[in-house]
Amino acid sequence: MPLSDRIRNRLVEFAAAVDASSKMARGEKPAGKALGVRMDETILDKLVHSLGVEPQLATRSDWLTAVSLAVRDQVIDRWLDSGRLGKRDGGKQVCYLSAEFLIGRLLRDAISNLGLSKSVEAALAKLGAAGDLPALAELEADPALGNGGLGRLAACYMESMASLGIPAYGYGIRYDNGLFKQRITDGSQVEIPDRWLAGGSPWEIERRGVSFKIGFGGAVEAAGGPASHAAAVWRPAEIVYAQAYDMPVVGWRGKRVNTLRLWSARAKAPLRLDQFNGGDHVGAMYNKTRAESINQVLYPSDATAAGQELRLRQEYFFTAASVQDLLARHVSTYKDVRNLAEKASIQLNDTHPSIAVAELMRLLMDEHSLSQAEAWAITQKTISYTNHTLLPEALESWTVHLMQTLLPRHMQIIYALDELLANEVKALPGDNHALAASVALVDRHGDWRVRMGNLAFAGSHKVNGVSQLHTDLMKTSVFKDMDRLFPGRIVNKTNGVTPRRWLQGVNPDLTELITSTIGEKVLDDLGEISKLKPFADDAGFRKKFIEVKRADKVRLANLIRERLDVQVDPSALFDVQIKRIHEYKRQLMNIVQTVALYNAMKAKPEANWAPRVKIFAGKAAPSYFMAKRIIHLINDVATTVNADASLRGRLKVAFLPNYNVSLAEVIIPAADLSEQISTAGMEASGTGNMKFALNGAITIGTLDGANVEMSEHIGLANMMIFGLTAAEVEEHRKAGLNPRAKIEASPSLKGALDAIGSGVFSGGDHGRYREIVENLYAHDWFMVTADFDAYEKAQARVDSIWADPARWAAMAVHNTASMGWFSSDRAIREYARDIWNVPA
Ligand code: 26Q
């Protein structure tokens, strides 16, 4: 049969199949055998008719696009069904507003959640495509629309909401460039733009009909009317359009497909033709460039006034578009805004979207004529806020001057809310001057700033931390006074991770071993994984577990060889620290301990050293000097250590460049030891810690963030917990430290710092690490010196357990088996029950 006939037949078949699958999703039975969608024919159809490519001439990237489009068809059927279902049953929807979504590659996730793996693999084999599914999936760009844990959490939560059948929209910015691409040149980080959209993405759909006007600047006029209806007319000086792009979020077993809606900025008049024809070809496109600068990059540097303005423009741009979109959809269904809180929940992922509080107030008062009191009640019932960090430098605030210039109406509303708050404080008994100053939305010291954390807090009915310890600390530190004023508002929702991506997706062999041992139910309920616990004592099971780990380590060893030209032995202990580079995460303590180990090996070359590979990956914020120096140090140590033949390969150091979701997916399954060594009290939760343990790594860590709860589930005997507690860190800081005395008392630490400071790793350059070493002697805010000996002892304990492979394997199995509670499904059920009031 000629190709065109085959395709025509196939389209007829396909139409029937679409109808059938729609019926299935509606709970009706499909007619006949129509569900047998022929994947091979669809892929071929896409290749020829969507890409216009002869199959014989198709490149690997053409095949990838064709497969993605074929899978996308199946996604879209369920997507449309989910939309119809949502409209029909009138349930509540969740809007998750986040500056970051670290969604990772989408093809494999969609295929696996829809149960299409077998049919796609068979189709590719039949078509003789240029590569099998894993090879093609590797070519997909990784949308790095985020920088760390907060962004990845948003992606895990979107997936869990779809998997639990919760109608949800994720709202964010369609950054043209993801977080920068990291190159390592001469040991140092170099940032280059990450043009993830350059090849187009089959996973986004531009919604031409969904676009909102976003105003900036200008003036506010009173609208008249009674004082209780304090409406106003805002006449912005500048308008930018927010254009919607939708990406599907496919739930497990295709239960629901939700929408990730990302906004892209469009100028009102992108080309001034008169100016262009007048010869000013660049100036004619000024509006376009200015508007589109909004969605160029994530977290543009705020070192300049222009940078700060851009950041606030970004935040308002995506928040206003999202809130307007929600209201437009709500009003079109219910014709009234008064029941908004019964039909929608807005979750603020940190303070970046917290201007939503003022924007929702503005829309309810100025566009929908509600009184301030009515609007405030609805706003607080609708919004809730998640805090992800207590670091003072990450608490957002904008000067009143900037807010006034860019968002004059919002500034008015913030002052009005500030007054409401002040009145609530006044109503309390006693002298509350200090309380009033600390809960105020506007900090009246110095240059007068709007505190975005207080705005988010005041505008929410629930405010949550992301681990028990973090939540407790919120109540005693940043939000101590807010907690007094609004007791009960702060709740804990310990983070979780999606097992679909972080177990099934990254570790199909381990998944197969687990399901063949305890059954398939674990795929629908990670809680079932505890049934694996008895198998920690089963030598036969342990052997298989170790075989899977070994294969994952071989894969990582190959990647290290390809990327770094460094040979590592897959039977060595893989000791891994991958995360953003930050002083509080203490990569420095890890690399100093590595140097101490190196010194010890050199001093006693004949001792029985257990082979180790120290693996690092992570990006430093472009303006973070110390973090960049730490990257340089790790790479310098790697160069020296890896070239030292006297070690006989027993110590290797690898810094893998450009850490992102895809890299994490290869590294995590291959880890033996997971480094979670933050200064206690500083890591809000951590989520990498959960992914590692789930994949059978043992944690070396402090009692920080969710490590605390992990230790409760896993048991202290099966983790390497060390170091100061959060309370002890606080005491030490109050009492003042003597890091010099600590260093002098620890020959191992002193030796390592001497080596680093004297240029052993920097070709004799004494200056390169001066700041790092001097800072440890002088301040050591992050307690590297205070915790160093305890860390070294914990590492020695690691070595002694590693020396007994059966014991190590039993611990590893036990770790995997203890992670059921850390599923994002559990976390989302808690949000649904305690914050959103939606069924899950
Ligand atoms: C704020 C103001 C000015 C400039 C930047 C920022 C800013 C940007 C990003 C503040 C915070 C972030 C990101 C924070 C983040 O990723 N936090 C992580 O969130 C995870 C999910 O809850 C936790 O597991 C991690 O512990 C926490 O570090």
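Any value given below was found using the heavy atoms of this structure, including those in side chains, with hydrogens, waters and symmetry copies removed. Fair warning: this is a prediction, and the values are worked out from it, not measured in the lab.
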Does any donor atom in the side chain of [X] or [Y] lie under 3.5 Å from an acceptor atom in the other side chain?
X      : Y      : result
Arg612 : Gln795 : yes
Glu709 : Thr494 : yes
Asn558 : Arg561 : yes
Asp194 : Asn177 : no
Ser188 : His632 : yes
Gln182 : Gln189 : yes
Gln593 : Lys614 : yes

Mind checking the [atom1]-[atom2] spacing from [X] to [Y]? Nearest 0.5 Å is all I need.
X      : Y      : atom1 : atom2 : result
Ile581 : Lys579 : CD1   : NZ    : 10.0 Å
Arg650 : Leu597 : CZ    : CG    : 10.0 Å
Ile756 : Asp754 : CD1   : CG    : 9.5 Å

Within the supplied structure, the quantity of interest is the number of heavy atoms (other residues, nucleotides, ligands) at a distance under 6.0 Å from [X] [atom1]; does it exceed 12?
X      : atom1 : value
Arg555 : CZ    : yes
Trp821 : CH2   : yes
Lys544 : NZ    : no

Anything under 3.5 Å between a donor and an acceptor, one on a side chain of residues 717-727, the other on a protein residue two or more places apart or in another chain? List them.
from	atom 1	to	atom 2	distance (Å)
Asn718	ND2	Ile714	O	3.4
Asn718	ND2	His814	NE2	3.3
Thr725	OG1	Glu728	N	3.2
Thr725	OG1	Glu728	OE1	3.4

Please, which pairs that meet side chain to side chain donor-acceptor pair (under 3.5 Å) have at least one residue in residues 616-625, sequence neighbours excluded?
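Sorted result for residues 616-625: His582-Tyr624, Glu583-Tyr624, Lys619-Asn658.
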Applying salt bridge (Lys or Arg N to Asp or Glu O under 4.0 Å) as the test, list every pair that has at least one member in residues 691-707; sequence neighbours left out.
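Output for this query is empty, none listed.
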Test log, rule salt bridge (charged side-chain N to carboxylate O under 4.0 Å, His left out), inputs Lys549 and Asp672
CA-CA 8 Å; Lys549 181 65 83 182; Asp672 294 307; 5.2 Å; no
